[in-house]
Amino acid sequence: MIEKAFIFDLDGVIVDTAKYHFLAWKSLATALEIPFSSEQNEQLKGVSRIRSLEKILKWGNKTISEEKFTRLMFEKNEEYLNYIATMDDKEILPDVPRVLAYLIKKQKAIALGSASKNARIILEKVKLIDNFQVIVDGTDVSKAKPDPEVFLIGAKKLGVDPENCIVFEDSIAGIEAANNARMISIGIGDAGILHEADYVFKDFTEITEEFINMLFITEKV
Ligand code: B16
Ligand code: MG
């Protein structure tokens, strides 16, 4: 049997930090007098910090100096860091530890593939860092999701071909990135939003051992 590897996104898959990103972007947008809805926030999930600010400015029809751009990104991150400062393992999303433990029991390779530059801090805070053989985060990539770079680096570091990787993602951009990498994409969230994914589950409580066993022998179509 060809060995499979599993790549997890972080924000919105392992922990619900998406809500903290939303709050921090919302204060920034409000200060710039740019309306910012949760539908717009959906489009920022999995998207890098720079690209997110570019999008918000575009929605608000605003242009700002490079200096202000850098300052706003810094301030947004400071606010976000304040939110995550008090995080602990209670913020791990339901059944993520069960699925990780099952994959480890079955000796599968596991990587993190996140756009976030704060990924390591968060994994340490929720005490999951030791579950990952490889961590690829926003500090390792030059091209943001939907570019497949983050997942391709993960596969390479694990020594597994992309076709044998399975990605768990909560964002439209991340599902596109996994599909672009020719990996099996599993959406975690709303099936209406993540319709490009190969499979979609509301959360990990819906992911059974039978389904995971099936993935061990499934090819990307
Ligand atoms: P940071 P993921 C992504 O993480 C988030 O979904 C996205 O909202 C955020 O802008 C991006 O990380 C960058 O995060 O500002 O912490 O570097 O979903 O790819 O784990
Ligand atoms: Mg995410």
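Since we're looking at a predicted model, the values are computed, not measured.
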Under the criterion side-chain contact (heavy atoms from CB on, under 4.5 Å), I'd like the reasoning laid out for Ile122 against Leu128: C-alpha separation, chi angles, the key distance, then a yes or no. CA-CA 9 Å; Ile122 295 167; Leu128 283 180; over 6 Å; no
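Clustering ILVMFWY residues whenever any of their side-chain heavy atoms sit less than 4.5 angstrom apart, transitively, puts Ile7 in a cluster other than the one holding Ile212. Met183 is not connected to Phe6 by any chain of hydrophobic side-chain contacts under 4.5 Å among Ile, Leu, Val, Met, Phe, Trp and Tyr, and they are in different clusters. Residues Tyr102 and Leu93 are members of one and the same hydrophobic cluster, defined by side-chain heavy-atom contacts under 4.5 angstrom among Ile, Leu, Val, Met, Phe, Trp and Tyr.
Within the model, atoms CD1 of Ile14 and CG of Leu123 stand 6.0 Å from one another, a figure rounded to the nearest 0.5 Å.
Taking all atoms of both residues into account, the shortest heavy-atom contact from Ala5 to Val160 is CB-CG2, 3.8 Å. Across every non-hydrogen atom of Asn180 and Pro146, the tightest pair is ND2-O, 2.9 Å. In terms of heavy-atom proximity, Asp203 sits nearest to Ile188 at CA-CG2, 4.1 Å. Listed here is the closest heavy atom pair of Leu194 and Asp170: CD2-O, 3.5 Å. Minimum heavy-atom separation, Ala173 to Val47: CB-CG2, 4.3 Å. Across all their heavy atoms, Asn179 and Asp198 have their closest contact at OD1-OD2, 4.1 Å.
Ring geometry for Phe201 versus Phe211: interplanar angle over 60°, hence perpendicular rather than tilted (30 to 60°).
Checked by atom type and distance alone, the side chain of Glu91 never pairs as donor or acceptor with a backbone atom of Val15 at under 3.5 Å. No donor-acceptor pair closer than 3.5 Å links the side chain of Asn77 to the backbone N or O of Met73. For the pair Lys125 (side chain) and Asp89 (backbone), a donor-acceptor distance under 3.5 Å is absent. Side-chain atoms of Lys68 never come within 3.5 Å of backbone atoms of Thr63 as a donor-acceptor pair (strictly under, hydrogens ignored). No donor-acceptor pair closer than 3.5 Å links the side chain of Gln40 to the backbone N or O of Ile56.
Within a 6.0 Å radius of NZ in Lys156, other residues, nucleotides and ligands contribute 12 heavy atoms or fewer. Counting non-hydrogen atoms of other residues, nucleotides and ligands closer than 6.0 Å to NZ of Lys55 gives a total above 12. For Ile50, the CD1 atom sits in a loose shell: 12 or fewer heavy atoms of surrounding residues, nucleotides or ligands are nearer than 6.0 Å. In this structure, Glu78 places its CD atom where more than 12 heavy-atom neighbours from other residues, nucleotides or ligands lie under 6.0 Å away.
Residues Tyr20 and Asn118 bring no donor and acceptor atom of their side chains to less than 3.5 Å of each other. Side chain to side chain, Glu169 and Ser185 fail the donor-acceptor criterion of an N or O pair below 3.5 Å.
Between Ser114 and Val150 the shortest side-chain heavy-atom distance does not fall below 4.5 Å. With a 4.5 Å cut-off on side-chain heavy atoms, Glu163 and Lys220 do not count as touching. Taking the side chain as every heavy atom from C-beta outward, Pro162 and Phe151 never approach each other to under 4.5 Å. Contact of the Val167 side chain with the Ile186 side chain is not registered, since no non-hydrogen atoms from C-beta on lie closer than 4.5 Å. Side chains of Glu42 and Ile193 form a contact here, defined as non-hydrogen atoms less than 4.5 Å apart. Side chains of Ser27 and Glu79 form a contact here, defined as non-hydrogen atoms less than 4.5 Å apart. In this structure, Thr17 and Met87 have side chains that are in contact, with non-hydrogen atoms separated by less than 4.5 Å. Using a 4.5 Å heavy-atom cutoff, the side chains of Thr208 and Asn213 are not in contact.
Of the charged side-chain nitrogens involved, at least one lies within less than 4.0 Å of a carboxylate oxygen, so that Asp137 and Arg120 count as a salt-bridged pair. With respect to Glu124 and Lys127, no salt bridge is recorded, no charged nitrogen being found less than 4.0 Å from a carboxylate O. Using a cut-off of 4.0 Å between Lys/Arg side-chain N and Asp/Glu carboxylate O, Lys145 and Asp9 are scored as salt-bridged. Between Glu54 and Lys58, none of the side-chain N atoms (NZ, or NE/NH1/NH2) sits under 4.0 Å from a carboxylate O, so this pair counts as no salt bridge.
Figure legend: cation-pi geometry between Lys76 and Phe74 absent, as NZ or CZ is not positioned both under 6.0 Å from the six-membered ring centre and within 45° of its axis. Seen from the ring of Phe216, Lys106 does not count as a face-on cation partner, given the 6.0 Å and 45° thresholds.
Partners of Phe22 by ring-ring contact (aromatic ring centres under 6.0 Å, His included), not counting sequence neighbours, listed by chain and number: Phe36. For Phe168, the ring-ring contact (aromatic ring centres under 6.0 Å, His included) criterion is met by Phe8, Phe204, not counting sequence neighbours.
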